[in-house]
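Down below is the structure, laid out as structure tokens.
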Number of protein chains: 2
Amino acid sequence: MTATVLTPPHTAAADLTANTPEIRSSDETDIYEAIFTAIVEQRLVPGTRLIEEQLGEVFGVSRARIRKVLANLAHTGIIRLERNRGAFVARPSQEEARQVFEARQVVEQAIIRSIASDHGSGATRALHRHVKAEAEARQRGDRRATIRLSGEFHLLLAGIQGNAMLTEFLRTLVSRSSLIIAVYPPSIETACSHDEHAALIAAVEAGNSDQAVAEMSRHLEAVFEQLNLGGAPGTPLDLHQIFAGLVPRGRPTR
Amino acid sequence: MTATVLTPPHTAAADLTANTPEIRSSDETDIYEAIFTAIVEQRLVPGTRLIEEQLGEVFGVSRARIRKVLANLAHTGIIRLERNRGAFVARPSQEEARQVFEARQVVEQAIIRSIASDHGSGATRALHRHVKAEAEARQRGDRRATIRLSGEFHLLLAGIQGNAMLTEFLRTLVSRSSLIIAVYPPSIETACSHDEHAALIAAVEAGNSDQAVAEMSRHLEAVFEQLNLGGAPGTPLDLHQIFAGLVPRGRPTR
DNA sequence: AGCCTGATGATTGTCGACAATCACAGTGGT
DNA sequence: ACCACTGTGATTGTCGACAATCATCAGGCT
């Protein structure tokens, strides 16, 4: 029985996965969410094959719908599609990880500079509220919420800046980052320190764009540096135990 | 008879449309190409509805394949999908145009700085060859090739820089730019002056990254400024005559 | 005359079935 | 014992048909 590996709808990763501009039936977004979070939370190990019919059974829909969802997941780089072979959970290489964070540096420095130049566009209230939510999630030990909110903070910044192209692009980069962090888990549990987020807001409110950019650069660098890029690139890493306490059932299909 | 509006395979826009990372049957890329170039060349006017079955007849394939192609086109922003309503050729607003070029500034300045810091990564030979091809196309009055090569120059730079994420993102931005230029055609025929491309290469070869960035900034600014952003955003602009000499047959469906 | 309402035609969304393709196991040969 | 080959099972790719939805138009009501 492989069905129980995936958690159906209840645990929604909210904004993080409402990605493509097309209008999409809510049903499909739910499935997208479920698979996405299952991957990010390592219930689906990189390299795992995702079989359309099995997924169809799990979610009670036909293969056609699943197929569409898989196409979307492949587009954001969370899974890999191979012609006539199927869908596999992506296994980002170290080089890929480097490129993702390099791209984030490019995009997010530009975003934060833009916002800081506008003195926060008057929207720092939402930022403060968000950081507060992050702190609360961390305090109550909700690991999943903490990780999710950390990513959403960056998307919130993009939304404030206002460029839909950059926001959309950043959405895929943040999604990929989530997978990367899952594959190369930081040695120490610092993730996306909310202190650094607070420092970013402070620089923005001060209208000091150079400092804001520097803060963002340091922040992303810190996250990247804490990755545990030790694992051999090709080996199917075994990370079951790491999340042992959180995962209801063990291994995925084969 | 609406079939003859689209030109089947022969005129391939090469690299510009080999966009998604997934492996894709060559057949579908051909269809993608055909529709893409038909839109960029304004044989399909913005706002035109693309009916799946008609397209299926034109290309001799089933609706399922067409559907996949439409999803890809929608993803790059060339067409718009509306639930239960169908696919429409996108009609980029002025604000959208601004955002596209703002995003290009962000991404391409970073790319050119990176290349220039590496003294061109030793790949300036390919750049020279490309600019030469651009000049030749322009000399022999091949408008289509000229426009296509102009866009590909920027993608070539991205490829040299090496970050796959940025390259992929820029591909969608360049595609959108093509549509934008088609919708808001430059008053004077300057498009993407190859002189500016040559200047970019010179700065890169000199290893002067600041100048290279400035050059890129000016170049993109010039292209954007030459857009004719006069047309009312909502009106279905009629630009048939503009390309009259080049278009074999007149109007699209209805 | 203008507006709301209901029927009609066209188009998209979804499903199930068949064909094409691939991975794997078993067999035979060297 | 190892390698190449063929047959088998499983999975994906593709197609055609049906159901759901929307736009349009005619008719009746105010």
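Fair warning: this is a prediction, and the values are worked out from it, not measured in the lab. Proteins get letters first, then strands, A, B, ... in listed order; numbering begins at 1 in each.
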[X] [atom1] - [N] [atom2] separation (whole Å):
X	N	atom1	atom2	value
B:Glu52	C:dT14	CD	P	11 Å
B:Leu50	C:dA10	CG	C1'	16 Å
B:Arg63	D:dT14	CZ	C1'	13 Å
B:Phe59	D:dC15	CZ	C1'	19 Å
B:Ile51	D:dA23	CD1	P	13 Å
A:Glu82	C:dA20	CD	P	23 Å
B:Leu55	C:dA10	CG	P	18 Å
B:Arg49	D:dT24	CZ	P	9 Å

With distance as the sole criterion, is a donor-acceptor pair present between the side chains of B:Glu108 and B:His154 under 3.5 Å?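 Side chains of B:Glu108 and B:His154: pair found under 3.5 Å.
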Give a yes/no on whether any side-chain N or O of [X] is located under 4.0 angstrom from OP1 or OP2 of [N].
X	N	answer
A:Lys68	C:dG13	no
B:Arg83	C:dT14	yes
B:Arg65	D:dT14	yes
B:Arg85	D:dA23	yes

Check every strand shown and say whether A:Leu70 touches a base, only sugar-phosphate, or nothing at a heavy-atom separation below 4.0 Å.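 No contact.
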If you look at every strand shown and take non-hydrogen atoms under 4.0 Å, does A:Ile66 touch a base, only sugar-phosphate, or nothing? nothing
What class does the angle between the rings of B:Phe169 and A:Phe169 fall in, given that below 30° is parallel, 30 to 60° is tilted and above 60° is perpendicular?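 Parallel, since the angle between the ring planes stays under 30°.
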Between A:Asn84 and B:Asn84, which residue's closest nucleotide on DNA chain C lies nearer the 5′ terminus?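 Mapping each residue to its closest nucleotide by heavy atoms, the 5'-most match is B:Asn84.
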Hey, are the side chains of B:Arg176 and B:Pro92 touching, using non-hydrogen atoms and a 4.5 Å cut-off?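 In short, these two side chains do not touch, never coming nearer than 4.5 Å.
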Any B:Leu166 side-chain heavy atom under 4.5 Å of A:Gln99 side chain: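 In short, these two side chains do not touch, never coming nearer than 4.5 Å.
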Is the backbone of A:Arg43 close enough, under 3.5 Å, to the side chain of A:Glu41 for a donor and an acceptor to pair up by distance?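 The answer is no, because no donor-acceptor pair under 3.5 Å joins these two groups.
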